[in-house]
Amino acid sequence: MLDPKSFRQDLDALVQKLKWRGHAFDVEKYHGLESRRKNLQEQTEDLQARRNRISREIGIAKSKGKEVNSLMHEVSSLGDDIKLRGSALSEVQLELQAMMNEIPNLAHESTPLGMDEASNVEIRQWGTPREADFTLMDHVDLGESLGMMDYGLASKLSGSRFVVLKGQLAGLHRSLSQFMLDTHIRDHGYCEANVPLLVNQGSLFGTGQLPKFEEDQFKTSEDPPLYLIPTAEVPLTNAVAGRIVEDSELPMRLVAHTACFRREAGSYGRDTRGMIRQHQFEKVELVHAVRPDESYEALEIMTSHAETVLQKLELPYRVIALCTGDMGFAASKTYDIEVWLPSQQLYREISSCSNTEDFQARRMKARWRNPETGKPELLHTLNGSGVAVGRALIAVMENYQNQDGSITVPEVLQPYMHGVTRLSK
RNA sequence: GGAGAGUUGGCAGAGUGGUCGAAUGCGCCGGUUUCGAAAACCGGUGGCUGUAACAGGUCCGAGGGUUCGAAUCCCUCACUCUCCGCCA
């Protein structure tokens with residue numbers, strides 16, 4: 001949510017900024033609602049002030065044993081009027097609110113301008129894609145030929161976009177998540193959290209998935225209305241929802257390893273092969289809650305934490321700055337980290353690190369007490385994958401494959417694999 | 001699933017229809033005192049909205065109702081705690 005005050009200042013500039021974010025703001029509708037709101041609010045509060053004053057007088061008069069009939073008469077008609085205007089007011093406010101709720105965050109000045117991914121900017125590369133003297137297989141062929149990846153069974157159990165991992169490959173997957181967690185907890189100072197996978201509507205509203213992206217979520221039931229989390233960003237970020245956090249608690253760094261669930265409603269036909277895009281996948285998620293003036297520094301730090309995982313796994317990657325039109329709803333600035341996939345001969349997203357500034361904080365009323373002013377102010381929240389476990393498994397399989405179809409276990413994962421250094425039949 | 005108790009400011013906890021945004025204590029901030037500190041004493045100390053600043057409005061778990069007037073009475077819901085049942 002944007003600051004409502006910003007709409008009363010330079011509206012033209014704001015509309016232009018939103019245009020770059022792919023959002024057409026209806027100026028006329030806004031002006032209509034806003035002037036009605038102002039009118040009704042002034043009238044309502046005026047009437048309320050009168051009622052409060054007279055009612056207080058009635059109380060005083062009664063306690064002194066005076067006659068109050070004339071005062072009662074004066075105020076008796078106010079009630080209906082207040083109720084009428086009040087309900088008109090809240091109707092207008094709801095409409096305005098609904099309008100505001102669907103507006104994406106504004107981009108930071110350092111975010112490249114552009115309408116789609118063609119305008120994304122590469123920031124840096126790390127590592128060198130390996131040259132192989134044999135034909136490289138993709139992760140599906142590798143996994144199936146090892147007998148450790150079963151799409152047939154998964155579709156029988158659940159349908160498309162699911163997979164069953166077996167044996168050492170399932171172990172490698174688990175090792176990856178353990179390794180990532182340990183790295184962030186021990187080396188990067190994160191607080192580990194184990195969080196609910198089912199959340200309420202308020203939590204999804206807070207991080208920005210609702211109301212606009214309802215169709216991307218798995219809703220489990222109507223009563224109570226619970227949703228499977230699309231990312232641990234939702235429960236982790238909402239840890240500060242409704243709170244006034246003490247300065248001493250900042251910066252707050254949280255990490256969780258969870259399953260994530262997505263409908264992938266808008267991506268029929270995309271990435272249908274393999275486990276690139278699944279309805280259920282695992283992710284190690286990083287969330288920061290920080291002082292506002294430290295959030296861009298925090299974004300660099302968080303991104304470096306995700307990069308560390310890939311560096312330790314010795315997987316080549318590049319970092320991309322997403323442009324205004326390609327960023328997610330809540331983000332002001334986003335770095336995507338893309339890992340090298342030899343079978344496709346291209347880099348694929350494996351992490352996305354975003355600074356949402358105060359966008360989520362405003363939605364979830366997450367504040368900190370600024371010691372300089374003593375006042376509560378919105379804090380800034382960031383989230384990033386550190387990293388997607390399923391996609392990391394794919395990257396390891398493809399980058400560490402051998403000519404005979406076996407897969408070497410990366411050195412940093414070997415302690416987690418208890419002596420297994422190579423996955424083979 | 002059944003029975004009961006509760007939800008008030010940063011925390012604890014009064015208030016059960018009227019000058020209540022709310023006693024008191026703790027905490028916090030400022031001052032007096034002190035070489036300094038503790039103790040003691042004095043003063044201050046909620047959020048949102050709004051204003052140039054006042055004023056005004058709003059908030060006592062959420063929503064609705066009764067009333068001239070609701071933290072206080074009524075209804076619905078959510079959550080917490082205790083006991084019983086069931087259960088990983």
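Chain identifiers are assigned alphabetically (A, B, ...) following the order of the sequence lines, protein sequences preceding nucleic acid strands; residue numbering begins at 1 within each chain. Just so it is clear, the structure is predicted and the values come from calculations on it, not from any experiment.
Checked for salt-bridge contact, Arg51(A) and Asp81(A) miss the test: no charged N lies under 4.0 Å from a carboxylate O. The pair Arg369(A)-Glu249(A) does not meet the salt-bridge criterion, since no charged nitrogen lies less than 4.0 angstrom from a carboxylate oxygen. Using a 4.0 Å cut-off between charged nitrogen and carboxylate oxygen, Glu285(A) and Lys283(A) count as a salt-bridge pair.
If you take atom C1' in A23(B) and the same atom in A71(B), they sit 14 Å apart, rounded to whole Å. For the P atoms, the distance from A38(B) to G31(B) is 12 Å, rounded to whole Å. Taking atom C1' in both G46(B) and C42(B), one finds a spacing of 23 Å when rounded to whole Å. G43(B) and A70(B): their P atoms are spaced 34 Å apart (whole Å). Straight-line distance between the P atoms of C11(B) and C28(B): roughly 15 Å, to the nearest whole Å. G21(B) and A55(B) have their P atoms separated by 14 Å, given to the nearest Å. With C1' as the reference atom, G57(B) and U51(B) are 12 Å apart, rounded to whole Å.
In RNA chain B, runs of at least 3 consecutive Watson-Crick or G-U pairs, each pair with both distances below 3.5 Å, span B:1-7 with B:78-84, B:10-12 with B:24-26, B:27-32 with B:40-45, B:46-49 with B:56-59, B:61-65 with B:73-77.
Side-chain contact between Tyr400(A) and Glu398(A) is absent, with no heavy-atom pair separated by less than 4.5 Å. For the pair Phe281(A)/Phe162(A), no side-chain contact is recorded, criterion being any heavy-atom separation below 4.5 Å from C-beta on. Proximity of Glu233(A) to Gln360(A): side-chain heavy atoms (C-beta onward) are separated by under 4.5 Å at one or more points. Between Trp20(A) and Gln16(A) the shortest side-chain heavy-atom distance falls below 4.5 Å.
When the shell of 6.0 Å around CD of Glu91(A) is examined, it contains 12 or fewer heavy atoms from other residues, nucleotides or ligands. More than 12 heavy atoms of other residues, nucleotides or ligands shown are found within 6.0 angstrom of CD on Glu34(A).
Figure legend: cation-pi geometry between Arg363(A) and Phe205(A), with NZ or CZ positioned under 6.0 Å from the six-membered ring centre and within 45° of its axis.
Contact annotation for Lys5(A): backbone-only contact, meaning every heavy-atom pair under 4.0 Å involves sugar-phosphate atoms and none involves a base. Residue contacts for Arg8(A): at a heavy-atom cut-off of 4.0 Å it reaches the sugar-phosphate backbone alone, with no base atom in range. Using a 4.0 Å heavy-atom criterion, one finds that Glu246(A) contacts no nucleic acid atom at all.
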Name each donor-acceptor pair under 3.5 Å that joins a side chain in residues 188-196 of chain A to protein atoms two or more places apart or in another chain, with its distance.
unit_1	atom_1	unit_2	atom_2	d
His188(A)	ND1	His184(A)	ND1	3.1
Tyr190(A)	OH	His288(A)	NE2	2.6
Tyr190(A)	OH	His305(A)	ND1	2.8

Listing, residues 210-217 of chain A side-chain donor-acceptor contacts under 3.5 Å, not counting sequence neighbours, or none:
unit_1	atom_1	unit_2	atom_2	d
Glu214(A)	OE1	Tyr227(A)	OH	3.4
Glu214(A)	OE2	Tyr227(A)	OH	3.0
Gln217(A)	NE2	Phe213(A)	O	3.2

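Of all heavy-atom pairs between Thr231(A) and Gln209(A), the closest is CG2-NE2, 4.2 Å.
Of the residues in residues 86-100 of chain A, none has a non-hydrogen atom less than 4.0 angstrom from any atom of RNA chain B. The stretch residues 42-57 of chain A comes close to RNA chain B through Glu45(A), Gln48(A), Ala49(A), Arg51(A), Asn52(A), Ser55(A), Arg56(A), each having a heavy atom under 4.0 Å from the strand. Of the residues in residues 75-83 of chain A, those placing a heavy atom less than 4.0 Å from an atom of RNA chain B are Val75(A), Lys83(A), in numerical order.
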